[in-house]
Amino acid sequence: MVKRDPVQSLTHEFISGAMSRRNFMKGAAALGLTAAGATSLEGQVGTAAATNAGFAPHLVAQRLAQGLPEIPREETLIAVRSPAEGKYVEYNLWNPFLPLSNHQLGAHMTSEPLAFYSAFMDETTMWLAESYEYSDDYRTLTIKTRPNVTWSDGEPFSAADVAYTFNQLVEVGPAVKWGANVQQFLDGAEMEDENTVVCNFKVPAPRFFDFVAYKFDIGVYIMPEHIFKDQDFATFNFFDIEKGWPVTTSPWRVVFSSEEQKVLDRADDWWGVEAGVAELPAARRFVYLPDPGEQGLISGVIANQYDIVTGIQPAGFATLFAGNPNATTWTGQESPFGYVDWWPHSLYVNNEVEPWSDPNVRWALSSYIDRDQIIDIAWMGASVPSTLFVPNYPPLMPFIEAVQPLIDEYPYLEYNPAKGDELLTAKGWTKNGDGMWTDESGQPVSLEIISFFDFTSVGPVLVEQLKRAGIEAAYSEPPNMFTRFSSGDYTGALFGHGGSYSSDVYYSLNLYQTSSAKIPGGHLVNFSRWRNDEYDALVDELYSTSPTDMEKVMEIWQQAIALWLPEIPDIQISQGLHRLPTNTTYWTGWPDAENPYVNTAHWHLTWPLVVHKLKPAGSA
């Protein structure tokens, strides 16, 4: 006879209705797992012990202590994602514009957009906005908002909220996320009537609505003027559950938020049903839990504790599928277990720090990297080489073809250690008796590479390759990796490129503009800190060029790449794939290769489209 773990037994009896709330709290106290006794778990936050399930007794106890009713597991959607710290250090920040806030961890559920865009379907779904129209010269944009939309506190949503949000971004600029992007081009926004807002631009801005619409990690949130007008837009945290903050137009209400869990409950009076925008989500509760690490993710899906988790390494899928036949991925239970994300991978080196500021040193590093070996070993063959700094999406491939002569001249994927040796020798570097490079002054050369869990399998392989070439390298995943990387406090880092996703290359080129170097937010940022005035001017010209003027767009692209390739600001490695396990035990309707209505990532701004589509397992 199998003896059930007492923690699991306690949870099972309470959720099944066999145990009263009072007896559950007494039992949890006996196990040291009540909300009051949860301090004993503080040292385990972010570990499998502390975050093994949304129905772990101490998490249930926290919710009960707040007076929240428990909702059955089959009506609860549980997702796993957290910062590098392994806990929600920003749990009280629900103003997504704050630099320390993170829309990936819940605010994307409460901040509805003007529109969603699915790159996989090349389809825009209007949401809070009903329509939009540019003037012939692209200097004016008129947005029509939907009528009969209300905030969760009963106040009407209107064009005033849109105009207010845009104008605040113009006013505070780089003090908040997206502020610099909006301030650079928008002169101001005016409410013409309750459902009409007019945006006036400093220059032709044919991409503005596309920019503010939600796709991947790009999009401008709309805030309620009646709440924010009495606050400091750049510091207001927008969190007070007793006041109903954050107020939202979405069907979700934040009912609990701590370092260990975030809980959102569904409201049944969502405006979008009557408007025909989407169905009410089938899930009654959404729970966000911190990442317990690779093994915790796998065991959690096997035990049906999680419905979707952050990506796992290819080697883990065999164990996952053997343990839970209901687990699947974008490509089912077959390799590569995912889809190509908009986020091609690179080795970034800080262009403001010597010797990595020298293009010849960057080219030498590139020549020492065997991309095929990284793909074979780190990704078990489940990836493909990069296509410059854009994903290999079909609409972007004509741009790669157009610069193929430049690629032939500057083969950025070439593995050629002899070429690397030649470049460093010409710089005056020499190898010591151990075969390691020393610089012109005889000092050892070393490269610290930082990253996070997406690159756990890549880092060690890359380090070994560089060491064999004579570059002393080390890899680590520090808890403050994202802070260090975004602030320029790094020498080397493994990261991706969140830029273009359609036939418009502007967003990828924008990643290397000087104006993008030091802005908050973590997206559309020049992480390499490369600077080139001529390149900046070209990309500024591209912004004011209509994406439909393909001849002009292609001309600017070719000129920009002619400047970028010889400099190689960061070193391309491979495409980025999202390998996200999804669990069909309780929920079906996940996007996949057979039904690619949007990307699966539950931290991207398009995640609500998935939530609205999911159905209970076994339903018609």
Side-chain angles (χ1 to χ4, degrees), residues 99 138 169-170 173-186 201-208 210-212 215-220 342-344 346 348-353 356-357 359 362 386 388-391 396 399 403 406 412 485-488 490 493 495-547 549 552-572:
Y138 293 110
L169 294 177
V170 171
V176 298
K177 296 177 182 177
W178 308 127
N181 307 83
V182 172
Q183 186 187 63
Q184 184 177 0
F185 303 112
L186 181 66
F201 302 111
K202 302 173 183 177
V203 296
R207 294 170 172 79
F208 191 80
D210 174 63
F211 166 68
V212 301
K215 62 274 162 197
F216 296 104
D217 265 320
I218 300 177
V220 174
W342 71 321
W343 212 63
S346 274
Y348 283 82
V349 289
N350 193 330
N351 285 212
E352 293 180 334
V353 176
W356 322 112
S357 55
R362 299 195 293 267
S386 68
L388 290 175
F389 44 86
V390 299
L396 287 164
F399 292 93
V403 294
L406 281 168
Y412 67 97
F485 184 56
S486 61
S487 65
Y490 80 98
F495 208 68
H497 305 74
S500 296
Y501 43 82
S502 66
S503 58
D504 186 0
V505 291
Y506 168 76
Y507 295 105
S508 285
L509 291 174
N510 176 238
L511 295 175
Y512 297 96
Q513 280 196 285
T514 304
S515 60
S516 303
K518 296 179 181 179
I519 59 176
H523 304 292
L524 293 181
V525 177
N526 181 353
F527 291 120
S528 67
R529 301 188 166 230
W530 178 65
R531 298 173 184 273
N532 185 295
D533 292 343
E534 187 178 353
Y535 179 95
D536 288 346
L538 283 168
V539 182
D540 283 344
E541 181 183 358
L542 179 59
Y543 182 83
S544 296
T545 302
S546 171
D549 186 356
K552 182 64 174 177
V553 170
M554 190 66 76
E555 177 186 341
I556 294 173
W557 161 258
Q558 291 171 315
Q559 292 174 346
I561 295 303
L563 297 171
W564 187 95
L565 256 177
E567 295 274 314
I568 196 167
D570 56 79
I571 299 155
Q572 313 305 301

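When a residue number appears, it is its place in the shown sequence, counting from 1.
The structure places CG of Leu169 at 11.0 Å from CH2 of Trp178, a figure rounded to the nearest 0.5 Å. Considering CZ of Phe201 and CZ of Phe185, their distance stands at 10.5 Å, rounded to 0.5 Å. Taking OG of Ser515 as the start and CG of Asn526 as the end, the distance is 8.5 Å to the nearest 0.5 Å. Atom CD of Gln184 is separated from atom NZ of Lys202 by 8.0 Å, given to the nearest 0.5 angstrom. One distance of note links OG of Ser528 with CH2 of Trp356; it measures 15.0 Å at 0.5 Å rounding.
Judged as a salt bridge (Lys or Arg N to Asp or Glu O under 4.0 Å), and not counting sequence neighbours, the contacts of Asp504 are Arg207. Applying the side chain to side chain donor-acceptor pair (under 3.5 Å) criterion to Asp210, with sequence neighbours excluded, gives Tyr501, Tyr507. The side chain to side chain donor-acceptor pair (under 3.5 Å) check on Ser386 picks up nothing, with sequence neighbours excluded. Judged as a side chain to side chain contact (heavy atoms under 4.5 Å, CB included), and not counting sequence neighbours, the contacts of Ser503 are Pro395. Taking the side chain to side chain donor-acceptor pair (under 3.5 Å) definition, one finds that Tyr512 meets it with His497, Asp570, sequence neighbours left out.
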Inset, instruction - Could you check Tyr506 against Val553 for side chain to side chain contact (heavy atoms under 4.5 Å, CB included), going step by step and ending with a plain yes or no? - result: CA-CA 9 Å; Tyr506 168 76; Val553 170; over 6 Å; no

- Determine, stepwise, if the pair Val203 / Tyr138 fulfils side chain to side chain contact (heavy atoms under 4.5 Å, CB included). CA-CA 8 Å; Val203 296; Tyr138 293 110; over 6 Å; no

- Task: Kindly indicate, with the supporting measurements, whether the criterion ring pair (Phe, Tyr, Trp, His ring centres under 6.0 Å) is fulfilled by Tyr490 and Tyr348.
- Result: CA-CA 9 Å; Tyr490 80 98; Tyr348 283 82; 7.3 Å; no

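Residues Tyr535 and Leu509 have side chains in contact (heavy-atom distance under 4.5 Å, counting atoms from C-beta outward). The side-chain heavy atoms of Ser486 and Phe527, taken from C-beta on, include a pair separated by under 4.5 Å.
Between the side chain of Ser500 and the backbone N or O of Val390 there is no donor-acceptor pair closer than 3.5 Å. For Asn351 (side chain) and Val349 (main-chain N/O), a donor-acceptor pair under 3.5 Å exists by modelled atom type. Here the side chain of Asn350 pairs a donor or acceptor atom with the backbone of Gly488 at under 3.5 angstrom.
The minimum heavy-atom distance between Pro99 and Lys177, with the atom names listed, is O-CE, 3.7 Å. For the pair Phe389 and Gln572, the tightest heavy-atom approach, listed with the atom from each and the gap, is CA-OE1, 3.6 Å. Closest heavy-atom contact between Thr514 and Asp536: OG1-OD2, 2.7 Å.
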Can you give each donor-acceptor pair under 3.5 Å made by side-chain atoms of residues 554-568, sequence neighbours left out, with the distance rounded to 0.1 Å?
from	atom 1	to	atom 2	distance (Å)
Trp557	NE1	Phe399	O	2.8
Gln558	NE2	Ala402	O	3.2
Glu567	OE1	Trp530	NE1	3.1

For residues 537-547, tabulate all N or O donor-acceptor pairs below 3.5 Å that involve a side-chain atom, not counting sequence neighbours.
from	atom 1	to	atom 2	distance (Å)
Asp540	OD1	Gln513	NE2	3.0
Glu541	OE2	Lys552	NZ	2.9
Ser544	OG	Pro204	O	3.2
Thr545	OG1	Glu541	O	2.9
Ser546	OG	Thr548	N	3.2
Ser546	OG	Thr548	OG1	2.7

